[in-house]
Protein chains: 2
Amino acid sequence: MATAGRSGVGTNQEDVRRHNLGTALGHVHRAGRISRAELTARMGLNRSTIAGLVAELESLGLADQAKPSGTRIGAGRPSVDVKARTGAYVLAVDLRVDGLTVARVGLGGVVRARATGPVPADHDPYAIADSVVDLMRLVVRDVEPDAALVGVGLGVPGIIRGDDGLVRLAPNLGWHDVPFTKILSERLGPIAMPVLGNDADLGALAEHLRGAGVGVDDLVYLSGEVGVGAGVIVGGRKLEGAGGYAGEIGHMPFLPDGKLCHCGARGCWETEIGAPAIALAIGCPAEQVGALGEFLEGVHEATPDLRAVGRHLGRGLAGAVNLLNPRVIVLGGYLRSLFPLVREDVDAELQVHGLAAPREQVLVTLPGLGGDSVLHGAAELAFEPLLADPVGRLATACLDVDSALAG
Amino acid sequence: MATAGRSGVGTNQEDVRRHNLGTALGHVHRAGRISRAELTARMGLNRSTIAGLVAELESLGLADQAKPSGTRIGAGRPSVDVKARTGAYVLAVDLRVDGLTVARVGLGGVVRARATGPVPADHDPYAIADSVVDLMRLVVRDVEPDAALVGVGLGVPGIIRGDDGLVRLAPNLGWHDVPFTKILSERLGPIAMPVLGNDADLGALAEHLRGAGVGVDDLVYLSGEVGVGAGVIVGGRKLEGAGGYAGEIGHMPFLPDGKLCHCGARGCWETEIGAPAIALAIGCPAEQVGALGEFLEGVHEATPDLRAVGRHLGRGLAGAVNLLNPRVIVLGGYLRSLFPLVREDVDAELQVHGLAAPREQVLVTLPGLGGDSVLHGAAELAFEPLLADPVGRLATACLDVDSALAG
DNA sequence: GGTATACGTTGTGGCAAACAACAAACGCGT
DNA sequence: ACGCGTTTGTTGTTTGCCACAACGTATACC
C-alpha cells in the first residue's frame with residue numbers, strides 16, 4: 001500500500017478541493033503573507049483556480065487580501081497579497097519539568113499572547129491539567145470576538161502513544177501510562193480535543209517549518225531536556241513509527257557496559273550526554289539539573305570532562321547521520337548551551353564516525369527559534385487538522401472560548 | 001512544505017486520473033488478481049469509476065478481466081476479476097559480491113525467467129555491466145511479441161546517490177564513486193533507464209510489498225551481506241534521507257574503542273556482527289566469507305562466540321527499535337542463517353535495551369521471500385514509475401527488447 | 001506618455017467522479 | 001423449479017473543479 005503513493009486509496013474530486021484549499025492555507029500560514037502570484041507558482045495551479053481558493057479562504061475568515069506591501073521588482077501589475085487572519089488561532093502548551101508555558105498562536109505562527117507558570121511540585125497530572133487550563137484562561141482573555149479556536153497542542157517530555165495520546169512514559173515527570181489527553185480533554189469539554197506530542201518531535205516540526213530547517217525536508221532535532229530525545233523529519237514528513245514512539249535516540253546503545261540508565265539498560269547514549277552526566281562534568285549541583293541550560297550559560301571554558309561529553313555527542317550524532325542522512329541536525333534544550341563550548345570535539349568525532357556520503361550533507365546547528373521550538377511545534381501540531389481540511393475543521397471550531405473556559 | 005501533505009503542490013484533475021489509475025494498477029500488481037468489487041472497497045471510489053479505470057488498464061494492455069475464480073461466499077452477482085497482464089514486465093538485477101542474478105518479472109510480481117552468472121573477479125564495473133546485459137539477453141529470449149519492458153531495476157551492495165544513481169561507495173566491490181547507472185545505461189541505450197537501489201533498501205521494499213511485512217507500514221530490513229545495511233520503511237514509504245543514503249545502520253557507533261572498521265572509524269556495529277566477525281566466531285575460512293550464509297547453514301550449535309554475536313545483534317537491534325519503532329524487523333542475508341541459532345540471545349538483549357513501548361510492538365523475523373528479497377525489490381523499484389503514471393510510462397516502454405539487445 | 005509586462009477577472013469548456021436507474025448473476029428458501 | 005433478496009455491472013445524467021482564453025488593469029521602464 002505504499003509505492004503508488006497515498007496508501008492505496010483513490011482520489012475524489014472533493015478531495016482535490018480539500019487538498020488544494022488546505023495546501024493554499026498552508027502556504028499562507030507558513031509565509032504569513034504571500035502574493036497570489038507566488039501561490040500560483042508554488043502550487044502549480046491556474047491563476048483563476050488560485051483566485052477561487054483565496055476567495056474561499058477569505059469567506060471562511062482564514063485570510064485577507066491586501067494591497068502588495070514589499071518593494072516591487074520588475075514590471076507588470078503587482079499581485080495581491082494574501083495575509084493569514086490571526087483570528088483563527090490555536091492554544092499551544094509547552095510542558096516542561098521546570099515550567100509551563102501556554103500561548104495563543106494565530107494563523108501564520110504569530111504568538112498573540114503567552115503566559116507561564118510553575119509546574120505543581122508533585123507532577124500530579126490532574127493538578128498540571130488544572131494549571132494548563134488556568135493559563136489558557138489568561139491568554140484568551142483579550143481575544144477578538146470573532147476569533148475561532150481551531151486546535152490545542154501540547155508538547156510533553158515523554159513517550160506518547162500515537163492513537164490516543166496516552167503518555168506511556170515521562171521519566172522526568174514520573175509518569176507511567178498517564179492518560180493526560182483524556183484528563184485535559186475532560187477539562188476542555190467541547191472547546192477542542194487536545195493533541196499531545198513528544199517535545200523533541202514538536203521541536204523538529206517547528207524548526208522544519210519556521211526555524212533552522214526551513215526548506216529542508218530531512219532534519220533531526222535533538223532535544224536535551226533531562227534525557228535526550230530526537231524528533232525526525234524525513235522526506236518532509238514526521239517520522240512516527242508504528243505506535244508514534246520513534247525518535248528515542250537517547251536510548252541508542254552506546255557503551256557495552258556503561259552506566260545504568262533509568263530505562264533499565266546500561267550504556268544508553270543518554271547516560272553519557274544526558275543532563276546528569278553534564279552536571280557531573282561541570283560541577284552543577286544535582287538540584288539544578290532541571291535548569292542545566294542556564295547553568296551552562298555561565299560556563300565559558302570547556303573542561304576536559306566537558307570535552308569528553310562533546311566527543312560522545314559527536315559520536316552519537318554520527319550514528320544518526322549514518323542511519324537517517326539528514327541535511328540539518330538542530331541541537332535544542334541544554335544542548336543549545338553546550339554545543340558552542342564543544343563544537344570542535346563534536347565535529348571531530350562526526351568526521352571520524354560519519355560516513356563520507358551523508359556526512360558531507362549534514363549541518364549541525366542551533367535552533368532558529370531559540371527556546372521556543374517546542375511551543376511553536378505544539379502550535380503547528382494543533383494547526384495540522386485545519387490545514388488538512390479547512391472547511392471541516394472550522395465546522396468544529398470554538399468561537400467563544402473565553403466564556404467556555406470560565407464556566 | 002510538509003504538513004498539508006504532498007509537499008505543497010496543488011492537485012490537478014489530470015493528476016487525479018493519473019493517481020487513481022496508478023493506484024488501481026498498484027492494487028492489481030500487488031494482488032496479482034483482484035475483484036473489481038474489492039478494488040472499489042479498497043480505493044473508496046464509485047463502482048462506475050472503477051469500471052472506467054479497469055477498462056483503461058485493459059486497453060493499455062496492463063490488465064485483463066476474467067470470470068471470477070475463487071469459491072464465492074454469500075449472495076449476489078459475482079464480481080469480475082482483474083488480472084495483471086504479465087506482458088508488461090521489468091528486468092531485475094541482484095548484484096552481489098559472489099554472484100549475479102537477472103530476472104524478468106511480470107506485472108503482478110511473477111518471475112517469468114531468471115538467469116545467474118558469476119561476477120567478474122576484478123569487479124570491474126564495465127565488465128559487470130557487460131555480464132548484466134548478457135544475462136538480460138537470456139531472460140528476454142522467449143518473451144511474448146507484444147510484451148513491453150517498462151523498467152530496469154538493480155540492487156547493489158553499496159551507497160547509492162539518489163539523484164543520479166552514482167555508487168558512492170561499495171566496499172565489497174571495491175567501488176568508489178562509480179557511475180554504474182551511466183555505464184549500464186550506455187549499454188542499454190533507449191531500451192530503458194536503469195534504476196539503482198541499495199540492496200537493503202530493496203530488501204525492505206520487497207518484504208514490505210510481498211514478504212514478511214505485507215500490510216505493515218513500518219519495517220526494517222537488515223541485510224547481512226559482508227557488511228550490514230538496513231532498509232527502512234516508515235509510514236509506508238522508503239526512508240531515503242537527503243541524498244538517498246539513509247539506512248547505513250552498520251556504521252552506528254557501538255563500541256567506544258572497538259575494532260577498526262573499513263569505513264575508517266572504530267567500533268561500528270558492523271565490526272561485531274559483520275561477516276568477518278562471524279567467520280571468526282565459527283571458524284569459517286577467510287576465503288569463504290562471501291558465502292558465509294551457506295557456511296552457517298552447516299552450523300547447528302551456537303558456540304559461546306556466536307552467542308556473543310547474537311547479543312551484539314540484539315543490542316544493536318534495540319537501537320533501531322528505539323529510534324525507528326518498526327513493527328517488523330526482517331533479517332536478511334547471512335543473518336537469515338544466523339538468527340535461528342542465536343534467537344534467544346537476540347531476544348534477551350532486545351528485552352534489556354529496548355524501551356517497553358516500542359519493544360512491545362516489534363517482531364523480529366526472517367524474510368518471507370527467502371533469498372530473493374533483493375531481486376524482488378529491484379523489480380518493484382523498476383515498476384514504481386509505471387504505478388505512478390501508467391500512461392506516461394508506457395509511452396516510453398520498449399516493445400522489442402530482444403532485438404534491441406542483440407544489436 | 002506610450003509600451004511592455006504581469007496579474008486579476010470573467011465566461012466557457014472539458015474531464016473525472018458521483019449518482020441513479022436498470023439489468024444481470026448468484027445464493028437461498030420454498 | 002421458481003421467486004426473492006442481494007450484490008454487482010452498465011448506462012446515461014449530473015455535479016464540481018480546474019484549465020484556458022480573452023479581456024481589463026495596474027505597474028515599471030523608456
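Residue numbers begin at 1 in each chain, while the letters A, B, ... track the order of the sequences.
Side-chain atoms of A/Ser48 lie closest to D/dA19 of the nucleotides D/dC18, C/dA17, D/dA19. Checking C/dC26, D/dC20, D/dT8 against the side-chain heavy atoms of B/Pro78 singles out C/dC26 as nearest. Here the nucleotide nearest the side chain of A/Val16, chosen from C/dA18, D/dC18, D/dT27, is D/dC18. Comparing atom distances between the A/Arg77 side chain and each of C/dA18, C/dA6, D/dC18 picks out C/dA6 as nearest. Closest approach to the A/Arg17 side chain among D/dC18, D/dA28, D/dA26 is made by D/dC18 (side chain taken as heavy atoms from C-beta onward).
Applying the 6.0 Å contact sphere to CD of B/Glu14 captures no more than 12 heavy atoms from other residues, nucleotides or ligands.
Mapped onto DNA chain C by nearest heavy atom, B/Leu45 and A/Thr40 fall at different nucleotides, with A/Thr40 at the one closer to the 5' end. With the nearest nucleotide of DNA chain C identified for both A/Gln13 and A/Gln65, A/Gln65 has the one nearer the 5' end. In this structure, B/Ala51 and A/Arg47 both approach DNA chain D, and ranking their closest nucleotides by distance from the 5' end singles out B/Ala51. A residue-by-residue look at A/Glu14 and A/Lys67 shows that A/Glu14 has its nearest nucleotide of DNA chain D further toward the 5' end.
Distance A/Asp81 CG to C/dA6 P: 18 Å, rounded to the nearest Å. The CD atom of A/Glu56 sits 11 Å away from the C1' atom of D/dC17 (whole-angstrom rounding). Residue A/Arg36 contributes atom CZ, which lies 14 Å from atom P of D/dA26 at whole-angstrom precision. Rounded to whole angstrom, the span from the CG atom of A/Leu53 across to the C1' atom of D/dC17 amounts to 10 Å. Here C/dG13 presents its P atom at 20 Å from CG of B/Asn12, a figure rounded to the nearest Å. For B/Ile50 and D/dT7, the CD1 to P distance is 19 Å, given to the nearest whole Å. Between the CG atom of A/Asn46 and the P atom of D/dC17 there is a distance of 15 Å, rounded to whole Å. Spacing between atom CZ of A/Arg18 and atom C1' of C/dA17 amounts to 14 Å, rounded to whole angstrom units.
The side chain of B/Asn20 places an N or O atom within less than 4.0 Å of a non-bridging phosphate oxygen (OP1 or OP2) of C/dA17. In this model, the phosphate group of C/dC7 is not approached by any side-chain N or O of A/Ser79 to a distance below 4.0 Å at OP1 or OP2. OP1 and OP2 of C/dA16 both lie 4.0 Å or more from every side-chain N or O belonging to B/Thr49.
No hydrogens or angles considered: nothing links the side chains of A/Glu38 and A/His27 as a donor-acceptor pair under 3.5 Å.
Checked by atom type and distance alone, the side chain of A/Arg104 never pairs as donor or acceptor with a backbone atom of A/Tyr89 at under 3.5 Å. Checked by atom type and distance alone, the side chain of B/Glu207 never pairs as donor or acceptor with a backbone atom of B/Gly213 at under 3.5 Å.
A pairwise comparison of heavy atoms in A/Arg112 and A/Gly106 identifies CG-N, 4.0 Å as the closest pair.
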